[in-house]
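Heads up: the structure comes next, in C-alpha cells.
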Amino acid sequence: MTTGNPPARPGADLPDHPSFLWRNPDPAPSYDVVIVGGGGHGLATAYYLATVHGITNVAVLEKGWLAGGNMARNTTIIRSNYLWDESSGIYEHALKLWEGLEEELGYPILFDQRGVLNLAHSLQDVRDSVRRVNANRLNGIDAEWLDADGVKEVCPIINVSSDVRYPVLGATYQPRAGIAKHDYVAWGFASAADRLGVDLIQHCEVTGIETSGGRVTGVNTTRGRIGAGKVALCASGHSSELAAMAGIELPVQSHPLQALVSELLEPVHPTVVMSNAVHVYVSQAHKGELVMGAGIDSYNGYGQRGSFHIIERQMSAALELFPIFSRAHLLRTWAGIVDVSPDASPIIGLTPVDGLYLNCGWGTGGFKATPGVGDCFAHTIANDKPHPYNEPFTLERFTTGALVDEHGAAAVAH
Amino acid sequence: MTADFRLPRGGRIDRDRPLRFTFNGRSLTGRQGDTLASALLANGVHQVTTSIKYGRPRGIMAAGVEEPNALVQLAEPVSEPMLTATTVELCDGLVAEGLVGHGRLGDEPDPARYDSKHAHCDVLVIGAGPAGLAAALTAARSGARVVVVDDQSAAGGSLLGRDDYLDDRSSDAWVRDVVAELDATPDVLRLDRTTAFGAYQDGFVLALQRRTDHLGFDAPRHVARHRIWRIRATQTVIATGAHERPIVFDDNDRPGIMLAGAARTYLHRYGVQVGKRVGVFTTNDSAYVAAIELAEAGIDVPVLFDARQDVPQRLRAECAARGIDVYPGHVVTGTEGRDHLTDVHIGPVGGERCDTVGCDTLLVSGGWNPAVHLFSQLGGQLRYAPSLGAYVPAEALSSARVVGSAAGSFELMACIEQGAEAGRAALTAAGFSPGADVTVPVADTRPDEVAAMVLWRVPEGAPKVPLGTEYVPKVPFGTAGDDNSADARFVDLQRDATVSDVLRATGAGLRSLEHVKRYTTIGTAHDQGKTSGMVAAGIVAEALGEDLAERRPTTFRPPYTSVPFAALGGRDRGELYDPVRVTALHDWHVAHGAEFEDVGQWKRARHYPRYDEDMHAAVLRECRAAREGVALMDASTLGKIDVQGPDAPALLDMLYTNMMSTLKVGRIRYGVMCGIDGMVIDDGTVIRLADDRFLLTTTTGNAAMVLDWIEEWLQTEWPHLRVFATSVTEHWVTVPLVGPRSRDVLAALAPDIDVSNDAFGFMTWQDTTVAGIPARVCRISFSGELAYEINVNAWHGLALWEALIEAGEPYGITPYGTETMHVLRAEKGYPIVGQDTDGTVTPQDLGMSWAVSKKKTDFIGKRSFSRPENLRPDRKHLVGLLPADPTVPLPEGGQIIEHDYVPEPPVRALGHVTSSYDSAALGRTFAFALLRSGRERVGEKLYVPVGDDLVAVTVTDTVFYDKEGARRDG
Amino acid sequence: MTADIATRRSPLDGWTSRLAELAPAVRLAERPFVSQLTLRLPDSSRAAAVSTVLGVELPSAPCTFAKGTGPHGPVEVCWLGPDEYLVLAQPGLQRTLESALRAAIGDAHGAVVDVSAQRTTLTLSGPNARDLLAHGCAVDLHPSVSPTGTCVQTLLAQAGIILLVREAEFVVLVRASFATYLAAWLLDAGTEYREQPT
Amino acid sequence: MQLIPCPWCGPREEVEFHYGGQAHVAYPAEPAELSDEEWASFVFFRDNPRGPFAERWSHAAGCRRWFNAVRDTRSYELLAVYRPDQERPVTT
Ligand SMILES: Cc1cc2nc3c(=O)[nH]c(=O)nc-3n(C[C@H](O)[C@H](O)[C@H](O)COP(=O)(O)OP(=O)(O)OC[C@H]3O[C@@H](n4cnc5c(N)ncnc54)[C@H](O)[C@@H]3O)c2cc1C
Ligand SMILES: NC(=O)c1ccc[n+]([C@@H]2O[C@H](COP(=O)([O-])OP(=O)(O)OC[C@H]3O[C@@H](n4cnc5c(N)ncnc54)[C@H](O)[C@@H]3O)[C@@H](O)[C@H]2O)c1
Ligand SMILES: Cc1cc2nc3c(=O)[nH]c(=O)nc-3n(C[C@H](O)[C@H](O)[C@H](O)COP(=O)(O)O)c2cc1C
Ligand SMILES: [Zn+2]
C-alpha cells in the first residue's frame with residue numbers, strides 16, 4: 001500500500017458547506033407570514049415567498065433542529081413519472097426547478113440525474129407500467145418502458161434471470177430522475193431564505209393557532225406568542241395535530257417509514273431502482289453508502305422508529321434483486337413520520353380558516369416535490385389562491401370524491 | 001518494520017498453531033487466537049490503510065468494535081467489503097487488504113447459508129464480561145431460562161485483556177468456572193461471537209452470531225455462516241462494558257497512536273507488544289496500569305504524561321519503580337512520523353515550553369464511554385456524568401437494567417457485585433426465587449486514586465514546535481493546500497473530520513449536535529462514532545459555551561455494529577423468498593409443459609405451448625378449442641368462502657351491490673363488491689346451497705382480502721348477524737369445462753344427472769358424481785360458451801382432471817391457461833377486476849348498473865355513488881376498441897387521445913387501454929378501454945399513440961362475440 | 001358414491017422420502033387425508049350434544065386442544081377462536097361427522113364445514129424437532145410454556161399454520177397450497193440437523 | 001417487533017396482526033341521510049393523535065378475532081386491549 005497519496009475515490013470528498021449558514025434570531029413579536037415546520041417544504045416555501053413574491057417578513061418555526069424531520073431521513077428519490085395528470089403536473093414542475101436549483105441557490109445540492117427504474121414483476125405490473133409511461137409521455141415527461149434486457153443495460157447488477165421467485169419483466173425508466181443530497185437541499189434553501197431576511201427559529205414548537213373572526217391572527221409557541229398575518233402549515237407527519245389546533249380535521253394518518261444505509265462502497269449501483277412487488281428501493285448515495293427503503297409500518301406512530309421485520313423483509317427483497325449486495329453490511333437504520341392521505345396524494349391549499357394554509361399528506365414521497373411545492377405553496381399564500389399546479393389537491397376532494405388516486409395505479413410512491 | 005513483536009510468553013493464543021495470512025500482498029504469520037489486528041501488530045505492521053479524504057497513513061487504534069481506523073477488506077476465505085482488523089479472527093490462508101474508506105463488493109455469488117432462530121428466555125444477559133457473567137450465573141442458579149450473548153470469541157469480556165487475579169486465581173480460572181457452570185445448567189443458552197445489535201420493545205433483542213468465519217477454509221458449507229437470533233426476554237441485563245476515549249491533539253492519527261486499554265489487550269490476550277518504545281498520555285488512572293503492565297512485560301515505557309496536576313501517587317511510585325517518568329500537568333501537543341510514529345511533542349498545560357520524546361508508540365486514554373447504545377435504543381434516558389465525561393443511564397427501565405462499566409462503574413469487584421445484583425433483580429422480576437448466591441471474588445486490581453479529568457482536546461496555545469530544538473518541517477500529508485488538511489487534530493478519524501471542521505460548523509451558525517454531525521459527517525462512518533461521538537459533543541459544547549448536561553448525544557440507532565445484508569435476508573431467498581402457492585393439479589401442468597404466471601403468490605398455468613408454439617399461437621389454438629370443441633382449465637385458485645347462518649342473506653345483501661337474498665336455492669348469481677368509497681373491489685359468483693348457506697367465489701388475488709373484509713364487518717359492525725364465513729379455497733379443485741362439446745364430456749362422466757339445458761339450466765348447480773367422484777357442478781360461463789364448473793374435494797382433483805381429459809379425447813379436449821381465459825372473457829365483454837379496474841372505477845363505470853340494486857336501502861359503497869364526482873357525466877367508462885387495422889394489437893396501457901396527431905404536451909388523455917388481444921373467433925384484434933364519457937363515444941374514431949405511431953381505433957360497446965348470448969346453452 | 005381411495009392425492013404426495021431425510025434428528029412426515037371440520041358454536045347450549053357426538057369436551061381454554069375417543073374413534077378438537085373449533089378425526093369420516101355434528105347443533109346457532117382438504121398435516125418429532133420449528137416459529141414451544149395439549153395458530157416461516165403439541169410430537173396443519181413451500185422450507189431449515197448434510 | 005396481547009391468545013408477535021385504524025367509528029345507521037361532508041368524514045377522516053389512541057387490530061394469523069387496543073402512538077406501548085363488545089378502559 002502506498003502512503004500519502006490523495007485518494008481519488010468518487011464521492012469520497014463531499015463539497016464544503018459555506019462557512020456561514022444562518023442566523024439564530026429570537027422570534028419577533030409578529031410576522032406577515034409564519035411558516036410552521038422547518039423541513040424542506042417550509043424552507044422552500046419561505047424562500048419562494050421571499051424571492052418570487054417579495055414577502056420577507058417571514059418566520060419559519062421549527063420545533064426541533066432545522067430540517068431534522070423527514071427531510072433528514074428520506075431516501076432522496078426525485079422523479080416526476082406519476083400516473084395522473086394532476087400529479088405529474090406538480091412533480092414535473094418540481095423536477096424542472098430541481099434542474100436549475102443548484103445554481104439558483106448557489107449551493108451544491110448534488111442533484112444527480114442518474115435515472116430511476118420502477119420494476120415490473122407481474123403481468124399487471126407491466127400493464128400499469130406501460131400505462132404510466134404512455135401517460136407520462138403525453139405530459140412531456142421523459143418516461144420509457146424497458147424490457148428486462150434494457151433494465152440490465154441501465155443497471156447491470158440487477159438480477160434479471162427468469163429463474164427467480166418474481167422475475168423482472170421490465171421497468172419504467174425516467175432518465176431525468178435521480179437523487180440529491182437531502183441536508184444540502186434544506187440548508188441551501190435555509191441559507192438563501194436567511195439571506196433574504198427570513199427568520200429561521202429553531203426549538204420553537206407551535207402549541208396553538210390563534211384565530212379571531214374566522215381569521216388566523218397568530219400562533220402560540222414554546223417561545224411565546226407570535227403574531228401572524230398568515231400561517232402556513234408544513235409540518236409533514238405532525239400535520240393532524242397542528243390542523244386540529246385550528247379546529248380542522250385532516251384525512252391523514254401518521255405512520256413510521258424506515259430507511260437504512262450500508263457502509264461506504266465503491267460505486268456499484270449507477271441509478272435508482274424501485275420495486276413494488278419485491279418491496280424495496282435502492283440507490284447509492286454520493287458518499288458511497290447504499291440507501292434503501294421499503295414500505296411504511298402498518299400502524300400509526302410518532303416514534304420515529306419502526307419494526308425490524310420490515311427491514312429484514314426489505315433485505316431479502318434487495319438480495320433477490322441484487323445478489324451482489326450479499327456481503328454488504330447494514331450500518332444504520334432509522335425512521336421518519338409520514339402523513340399518508342387516502343389517495344396517496346398531497347393536500348395543498350386554502351383551509352376553512354382565513355389566512356391559514358395547508359400543505360400535507362405527502363406521505364412517503366414529498367422530498368422530490370420540495371422546490372415545486374415551495375413555489376406553488378408560496379404562490380397560494382401570497383395570492384390567497386391556489387397555484388394551478390396545486391389546484392387539484394384540495395381538502396374538499398375527499399368530500400366530492402375527486403381523488404387523485406396514486407394508490408390504485410402507480411408503483412411505490414416515493 | 002519486520003521485527004517480531006510477539007512477546008516470548010503470555011497471551012491467550014495457541015502458540016503451537018501458526019496461521020499464514022497475506023496482508024496488502026505480504027505473507028505473514030500469526031497464531032491461533034489472533035485477530036487480524038493482533039497478528040499485524042505481532043509482525044510490526046501498524047499501518048493498515050490511508051485515510052479517506054487526506055490519504056494519511058492510518059493504523060490500529062483499538063482492539064475491538066470501536067476501532068475507527070483499521071478498515072480492511074477480505075479476499076479470502078470469503079470476500080468481505082469492509083470489516084475492521086480488530087474484529088476479524090485470524091484463520092489460515094486469510095487474505096486481506098487495508099481499504100481506503102470504500103469497500104468493494106465481490107461479484108461472485110455468495111454460496112454461504114444464513115439463517116435465523118427464535119430464542120425465548122426469562123433473563124437475557126448481553127455481554128459476558130465480569131458483570132454479565134455474574135448476572136447470568138445468578139439468574140441461571142434460580143432455574144430461570146437464561147441466554148447470554150457476547151460478541152467476542154470467548155467469554156470474559158475485558159478480563160481477556162488483563163491479567164487480574166480473582167481470589168488468588170487467574171481471572172481465566174474464574175471465567176472458566178462460571179462458563180462451565182452456565183454450560184452445565186439446563187435452559188441456559190450461551191452464545192459466543194454473538195453481537196446484540198438491536199434492542200426493541202417488549203424484550204426483543206436481535207443478535208448476530210458469526211458461526212463459521214473463524215474456521216476459515218474449514219467452515220462446513222452446510223452450517224449457516226451467520227445466524228440472526230431473535231431473542232424474546234422477560235428481563236434484560238445489559239453488561240456491554242465501555243469504550244475508551246481518545247484525546248484530540250495535533251497529528252493524533254498516526255499509526256502507532258493507540259488507546260491504552262487496547263495496548264493492554266494486545267499484551268495480555270495476544271502476547272503482543274505494540275511498540276518498542278512506548279509513551280503514554282492520559283487523563284485518568286487506568287492508563288497507568290497499562291504503562292506498568294507493559295513495562296513489566298519488558299517493553300520500554302519511558303514516559304507518561306498526565307494532563308492532571310494531581311496525579312495518583314501510588315501508581316506514580318509503581319511507575320517510577322519501572323523506570324516510567326510521570327509528568328503531571330503535561331499534554332501531548334503534536335506528533336511526528338510518516339507511516340509510523342517517531343516522536344511525540346509534549347508540554348505543560350498552557351505552558352510555553354515544549355519537548356520532544358522519541359516514541360514509536362503512544363498510548364492515549366481520555367476516559368471511558370459506557371456502551372449505552374442498547375439501553376438508549378430501548379428508550380432509556382441518558383444523563384451526562386461530568387466526572388466521566390460521558391453519558392450514562394439515567395433511569396432504570398422496568399425490564400432492562402445496565403450494569404458494570406456500561407453503567408459507568410469501572411471497578412472490577414463492583415462490576416461483579418452489580419452483575420450479581422442485577423441478575424437477582426432480573427430473575428425476581430421474571431418470577432423466580434434466587435438460588436445460591438454468586439460470591440464476589442476479591443480482585444487484585446489497582447484501585448483508582450485520583451478522579452479523572454475530562455479533556456476533549458489539548459488546549460490551543462501549547463506550542464506545536466519543540467522549543468530549543470531545530471525546526472523540522474512536518475512531512476506534508478494528503479492534499480496540500482486544502483484548508484482542512486492544515487488541521488490535523490482529528491475528531492473522527494474515519495471521516496477525516498477535524499476540530500476545524502467542528503468549529504467551522506458552529507461558526508456557520510449550527511447549534512445542534514445533529515447539525516454538526518451532518519455538516520462534518522462525524523459519527524456516520526463504519527464505527528458510528530464509538531470513539532469520536534463523545535469527543536465531538538464535548539468540543540461543540542465547549543465552542544458554544546454550553547453545558548453537556550443540557551444536551552443529548554446524537555441518536556443511537558440499530559445496529560450496534562454492522563450486520564451483513566445476507567444475514568438479514570436469511571433463508572427467505574430464491575424459491576423461499578415468498579411462498580409459492582400451487583393447486584392440487586400443479587404437477588400435471590408442469591408435466592405438460594405449461595408456462596406459468598405469478599398471480600399474487602400463486603403459480604397459474606398461463607398457456608400450454610405445444611412443440612415450438614409461441615404464446616400467441618398456443619392461445620389462438622386454446623381459444624379455438626374452447627369455442628369449437630371442448631377445453632378445460634384449472635380455476636382452483638379462485639377464492640371460495642362458505643357462508644352459513646340464518647342472517648347470511650342479510651350479510652350478502654350488504655356486501656354485494658346486487659340483491660343476493662332473493663337468490664333461490666340451487667341457483668347462482670354473479671355479484672360485485674365495492675369498498676365504502678363505491679369503487680369496485682372484487683367480483684365473483686354466489687351459489688345458494690340452502691336457505692341459510694351460500695358459497696362465494698372471489699378473484700384469485702383477493703381471496704384473503706374478501707374473507708378478511710367479511711370478518712371485519714361481521715365482527716366489528718354487525719356482531720348481531722348470525723353468520724359464519726369459512727375459507728374453503730383449497731378444499732376444492734375447480735375445473736371449468738368449456739365449449740360446445742362440454743355437455744357430451746360431462747354426460748359421459750356424470751351418469752346420475754340429466755345434463756340437458758332444461759334439466760340443468762344456466763346459473764344453476766347440482767351435486768352429483770363425476771368420474772365416480774362426489775362433485776358439485778355449476779353451470780357458469782366466463783367464456784360465453786356452454787360450460788360447467790366442476791368442483792371436487794382437492795384430493796380427487798387430479799383424478800377428475802385426468803378423467804375429463806380422457807373422456808374429452810374424442811372431442812380434442814384442450815387444457816387452456818389464464819391467457820386464453822382472458823381472451824374468451826374479453827370477447828364476451830366481461831371485465832377483470834384489477835386489470836380493467838384500478839381502484840377508481842364504479843360498477844356504473846363498468847356498465848354494470850344492472851348489478852347495482854335499486855331496491856336495497858343500503859349496501860357497502862352505495863352512499864358513495866351519489867358523491868358529486870360519481871355523478872359527473874364525463875366519468876370514464878369501460879368500452880371496447882377496434883383498431884382500424886385488424887391485425888394491429890393495441891398495447892395494454894396505451895393512452896387514448898382525440899387527435900390524429902400528438903399535440904404539444906401536456907396532453908390530457910381520454911383514457912387508456914386496459915386489456916387487448918388478438919381474437920381467433922373475431923379474426924382480429926380488439927381491446928377494452930376506460931374512456932372518458934366512453935359510452936357516449938361509441939362509434940367515434942380516436943387514436944392511441946404507440947411508439948412514434950398513432951393507431952386509429954373505433955369505440956364500440958364491450959361485447960364482441962355472440963352478442964345475443966346464443967352460445968351459452970350449447 | 002365414495003371416490004376411489006387409490007386415486008386420492010395429498011398435497012405432499014411424492015415428498016415422503018424427502019421428508020424422511022431429516023431423521024433421526026427430526027422425524028418429519030405427512031399424515032394425509034385427516035378428516036377435518038370447522039365447527040362454529042357460539043351457543044353453548046349444544047356443547048354437550050356436540051361433545052357426545054365427538055366423545056370429547058370442547059376445549060374451553062384458548063390455544064389448547066382436547067382429545068378423546070368417541071363413537072367415531074379418536075378425535076382431537078382444537079380451539080381456533082372463541083366460538084371456533086377444528087375437529088380432527090381419522091380419514092374418511094368427514095361426511096359422517098359433518099351430518100352428526102349438524103344434527104347435534106340442530107337449530108341452534110352454529111355451523112359445520114368440511115375442510116378436510118383445505119389443510120394437510122405434518123408431524124415432527126425427534127431430538128431437534130423443537131429446534132427446527134424455532135427457525136421459523138416465534139411461539140415459545142418450551143414445555144413450560146407450551147405443554148402437551150397446546151394448539152396455536154401462528155406463522156411458520158411465511159405460512160399460516162395450526163400447531164398442536166402432542167405427547168411426543170408436534171403437529172403442523174398447513175393450507176394445501178402452502179404445503180410444498182413449507183415442506184421445502186422445513187427441509188432447508190433442517191440442513192444442519194441432517195446426518196449427511198447436502 | 002412488538003408483542004401484542006390478543007385478548008384470547010395472549011401476547012404474540014406483531015407480524016401475526018393486522019392493523020385496522022381508529023376504533024369506535026360506527027358505520028352510519030342511515031348513510032343515505034348523510035350530507036356529502038358527513039359521509040366523507042366517515043369514509044376518509046380518522047383521528048391521528050400523538051399519544052393514546054383507541055384502535056382496532058385483528059389477530060390475522062391467529063384466532064382471526066378483531067379487538068380494540070389503546071396504544072400510545074409515541075412509545076407504541078399498548079396501554080390496554082379489550083374485546084369489541086367491551087368499553088374503552090380508562091388508561092393513564
Ligand atoms: C424514510 C423515508 C424515506 C423517504 N423517501 C423519500 C424519497 O425517496 N423521495 C421523496 O420524494 N420523498 C421521500 N420521503 C418523504 C419526504 O421525506 C417527505 O414527504 C418530506 O420530507 C415532507 O416535507 P418536509 O421536508 O417539509 O417534512 P419535514 O422535514 O418532516 O418537516 C416538517 C417539520 O415540521 C416540524 N414540526 C412539526 N410540528 C411542529 C410544531 N408543532 N411546531 C413547529 N414545528 C413543527 C417538524 O419538526 C419537522 O421538522 C421519505 C420519507 C421518509 C421518512
Ligand atoms: N477505568 C478503568 O480502569 C476501566 C474502564 C472500563 C472498564 N474497566 C474494567 O472492565 C471491566 C468491566 O466489566 P464489564 O463486565 O462491565 O464489561 P466488559 O467490558 O468486561 O464486558 C463487556 C462484554 O460485552 C461485550 N459486548 C459489548 N456490547 C455487546 C453487544 N452489543 N453484544 C454482545 N456483546 C457485547 C464485549 O465485547 C465484552 O466482552 C471491569 O473489569 C472493569 O474494571 C476498567
Ligand atoms: C440519504 C441518507 C444517507 C445517509 N447516510 C448515512 C451514512 O452514511 N452514515 C450514517 O451513519 N448515517 C447516514 N444517514 C442516516 C443519518 O445518520 C440519520 O440516521 C438520519 O438522518 C435520521 O436521524 P436520526 O437517526 O438521528 O434520527 C443517512 C441518511 C440519509 C437520509
Ligand atoms: Zn388471537
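What you are looking at is a predicted structure, and each value in this text was computed from that prediction instead of being measured. Letters go in sequence order (proteins before strands), and every chain restarts at 1.
Using a cut-off of 4.0 Å between Lys/Arg side-chain N and Asp/Glu carboxylate O, K117(B) and E192(C) are scored as not salt-bridged. Using a 4.0 Å cut-off between charged nitrogen and carboxylate oxygen, R113(B) and D188(C) count as a salt-bridge pair. Of the charged side-chain nitrogens involved, none lies within less than 4.0 Å of a carboxylate oxygen, so that R145(B) and D122(B) do not count as a salt-bridged pair.
Looking at V580(B), the atoms closer than 4.5 Å to chain C (heavy atoms on both sides) all sit in the backbone: N, CA, C or O. For Q601(B), the part lying under 4.5 angstrom from a heavy atom of chain C is the side chain only. With a 4.5 angstrom heavy-atom cutoff, V733(B) does not touch chain C via any of its atoms. The parts of L576(B) that come within reach of chain C are both its backbone and its side chain, each placing non-hydrogen atoms under 4.5 angstrom from that chain. Heavy atoms closer than 4.5 Å to chain C are found in the backbone of A725(B), but not in its side chain.
Interface remark: of the candidates R227(B), E802(B), R221(B), R227(B) forms the most heavy-atom pairs closer than 4.5 Å to chain C. Options T726(B), D572(B), D587(B) differ in how many heavy-atom pairs under 4.5 Å they form with chain C, and the most are formed by T726(B).
In this structure, H226(B) contributes its side chain and Q209(B) its backbone to no donor-acceptor pair below 3.5 Å.
By the 6.0 Å and 45° rule, R18(C) stacks over the aromatic ring of W15(C).
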